[in-house]
Amino acid sequence: MKFGILVKESPYNNQAFDSVYHFVNAAIEMGHEIIGIFFYDDAVYAGNKYLEPPQGDRNIKSYMDTLKSKGVRLVICVAAGKRRGVTQDTVNESAEISGLGQLLELSIESDRLVTF
Amino acid sequence: MKFGILVKESPYNNQAFDSVYHFVNAAIEMGHEIIGIFFYDDAVYAGNKYLEPPQGDRNIKSYMDTLKSKGVRLVICVAAGKRRGVTQDTVNESAEISGLGQLLELSIESDRLVTF
Amino acid sequence: MGDQKTKIMFICSTAPYGTIYEQEAIEAMIMFSSYEQDISVAFIGDGVFSLKKGQDPSLLNIKNFTQTYLVIKDDFEVSHLYVEKESLKERGLDESDLITEVEVLDRNVLRQKMDEMKALLPF
Amino acid sequence: MGDQKTKIMFICSTAPYGTIYEQEAIEAMIMFSSYEQDISVAFIGDGVFSLKKGQDPSLLNIKNFTQTYLVIKDDFEVSHLYVEKESLKERGLDESDLITEVEVLDRNVLRQKMDEMKALLPF
Amino acid sequence: MLHIVKRSPYESSALNDSLKYIREKDILLLTEDGIYSAKKGGKFENLIKGVLQNNKVFCLVADVKARGISESELIENVSLIDYKGFVEKVCDHNPVTWG
Amino acid sequence: MLHIVKRSPYESSALNDSLKYIREKDILLLTEDGIYSAKKGGKFENLIKGVLQNNKVFCLVADVKARGISESELIENVSLIDYKGFVEKVCDHNPVTWG
């Protein structure tokens, strides 16, 4: 099946992005296709390249890099990102910045859209 | 009176920092002293210098600058900030980065500590 | 994207201003509507407060983004604005308290609409 | 900072892992305790879940930060760990479910402790 | 003690949590989405009326206006205050914020 | 429909909101802090038992273990699934996330 993912919650305040990470890894292992993860609302903070988590703590940036290395598109909403300081200048290289049209495309092209 | 402020919520996701802004302005106008605002948890995102809010929208950066111009210390927690990518390299010039000891000092030196 | 329109529903269940979800939901609705799909918006729970008449957030320096709902069907081709009847009642509101014309539906009927959707977007 | 110790209470009312509040509250407690003030911690509501025995977040790649409570009184000189009795009961828990020794208090008694505090820090 | 409630009572336990700790002479201050608690005809009308028998209840006027709640839609004896009033209440009472 | 509830029922209305929309053949999936809903002896035990009469209820095992809830502490007939099970449920049912 083809999955699209929408994540809305802040990566450190909430467990949501952790859940996305584990869900997506499981889906890929099972042979499903993830056509993209769309980061909206406070979730765009996951795309900041300056994150420096303490040792032994969750590492959001390495989660992003791992997902990217598995071929998953990581799309940061341009409008939500701009407002919050996640822009072309500050975005993690594993992620890309694009518009809300990408979320619509996920809704159309996926068999299932899952929100976290 | 001397007030200390603790703000914990994300500036865009929540109204909390807006409430801080209006509360602090009112307190200063009334002749009270604000000995500092401590940004913790997701509130540290308010200290990011890259914010570019759309026209006509709330402007968190200009709120920070206004508070600073009124002599209010804006303290971003170093540990919470590092985790979230708000560091010496990315912090708004109106804010300063410091440790949790500053929050303790606010608790001790203020007549009232208010959490938002 | 094929010929058939995709049915997508925004489920708005959060109050305005206290959090940003409803404001960014509207930004998404506006963008979606330019792609000629079949977009509907369901207001349930605290989401119904977004449609309350008389909102004036000027004292908070926040713009009244809910005004967009006045034109969202005509200017942005959103197909339906549904409001759950039970949520209105629980909040002491009725249709006359709302800023624009909507389809007030029983929860059961709204649930049937949800079943027709390809994707549900909760905000 | 003067001779008199300042009485400060952390009010922990959030469950662990789902949100970061409890983890960052502990980081603050540890830092505070090195300044020789009078620090207490009250667990109310979902905060009591932080003290539940048997937590193992390894499948989530999250560290079990609540282990800090095992040593917080001895190593970090936090004066009191209070747990609200009513919150335990509502969640089907009792003292034997908790990872460390605490003072279980009736809500009324805990409220009296709050009245003695200079500052209340809700997390 | 000043109990500050800023979340909607329909989606958060904050109002209920605060009421467990409210005592004589305490004040309940509703801000942000918390002001919906004080709407006439809403689910929490009786709860707030009960609080009003022993305690004063205030709503922040900027938050009430933002959300389109007119004065006549507020439960009787709930008072409106501005940010300066908020500051005054904090001067008078040690604040605790719920939710 | 797959109803995903990720907030604690003690502090959020998400569980209750989901149950207003649950119908025959729907599934309730408890994740993150939502898993506290399924704890034996807790305030929501009867509510969940009621749901179980008509619907299947699942808890994400990683979230249950993280929070120190043993299998014997879960309400009877609530089933544990891992992330792959979660993926399977989403394949079978259109998901909606509450709260």
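Quantities reported herein were computed from a predicted structural model and do not represent experimental measurements. Residue numbers start from 1 in every chain, and the chains themselves are labelled A, B, ... in the order their sequence lines are given, proteins ahead of strands.
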Quick one: what part of [X] sits under 4.5 Å from any heavy atom of chain D, side chain, backbone, both or neither?
X	value
S107(B)	both
Q102(B)	neither
R83(B)	side chain

Y35(D) side, atom OH; L104(B) side, atom CG - distance, nearest 0.5 Å: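 One gets 7.0 Å once the value is rounded to the nearest 0.5 Å.
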Gap separating the OH atom of Y21(D) from the CG atom of D42(B), nearest 0.5 angstrom: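 Between atom OH of Y21(D) and atom CG of D42(B) there are 6.5 Å.
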Is it the side chain or the backbone of Q23(D) that comes within 4.5 Å of chain B heavy atoms, both, or neither?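 Answer is side chain: those atoms of Q23(D) sit under 4.5 Å from chain B.
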Any pair with a residue in residues 60-110 of chain B that passes ring pair (Phe, Tyr, Trp, His ring centres under 6.0 Å), sequence neighbours left out, goes on the list, sorted by first then second residue, please.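 Ring pair (Phe, Tyr, Trp, His ring centres under 6.0 Å) check on residues 60-110 of chain B returns Y21(B)-Y63(B).
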For atom CD of E77(D), decide whether the heavy atoms of other residues, nucleotides or ligands shown that lie under 6.0 angstrom number more than 12.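 No - once you tally the heavy atoms of other residues, nucleotides and ligands closer than 6.0 Å, there are 12 at most.
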Greater than 12 external heavy atoms within 6.0 Å of K82(B)'s NZ: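 Atom NZ in K82(B) is not crowded, with 12 or fewer foreign heavy atoms closer than 6.0 Å.
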Set of residues satisfying salt bridge (charged side-chain N to carboxylate O under 4.0 Å, His left out) with respect to R58(B), sequence neighbours excluded: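 Only D18(B) meet the salt bridge (charged side-chain N to carboxylate O under 4.0 Å, His left out) criterion with R58(B).
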Based on non-hydrogen pairs under 4.5 Å, which of T115(B), L113(B), D41(B) is most in contact with chain D?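 When all of T115(B), L113(B), D41(B) are compared, D41(B) has the most.
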Who wins among I20(D), I30(D), T19(D) for the most heavy-atom pairs under 4.5 Å with chain B?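 Top option by heavy-atom pairs under 4.5 Å: I20(D).
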Can you list the residues of residues 43-76 of chain D that sit under 4.5 Å from chain B, counting heavy atoms only?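 Checking residues 43-76 of chain D against chain B gives no residue, so none.
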Of all the residues in residues 101-123 of chain D, which have a heavy atom that comes within less than 4.5 Å of a heavy atom in chain B?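 The list, in residue order, reads K118(D), A119(D), L120(D), L121(D), P122(D), F123(D).
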E24(D) with R84(B): basic N within carboxylate O range, under 4.0 Å: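 Here E24(D) pairs with R84(B) in a salt bridge, since their nearest N and O are under 4.0 Å apart.
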Please lay out, stage by stage, how M31(D) and L103(B) fare under the test side-chain contact (heavy atoms from CB on, under 4.5 Å). CA-CA 10 Å; M31(D) 193 60 75; L103(B) 174 59; over 6 Å; no
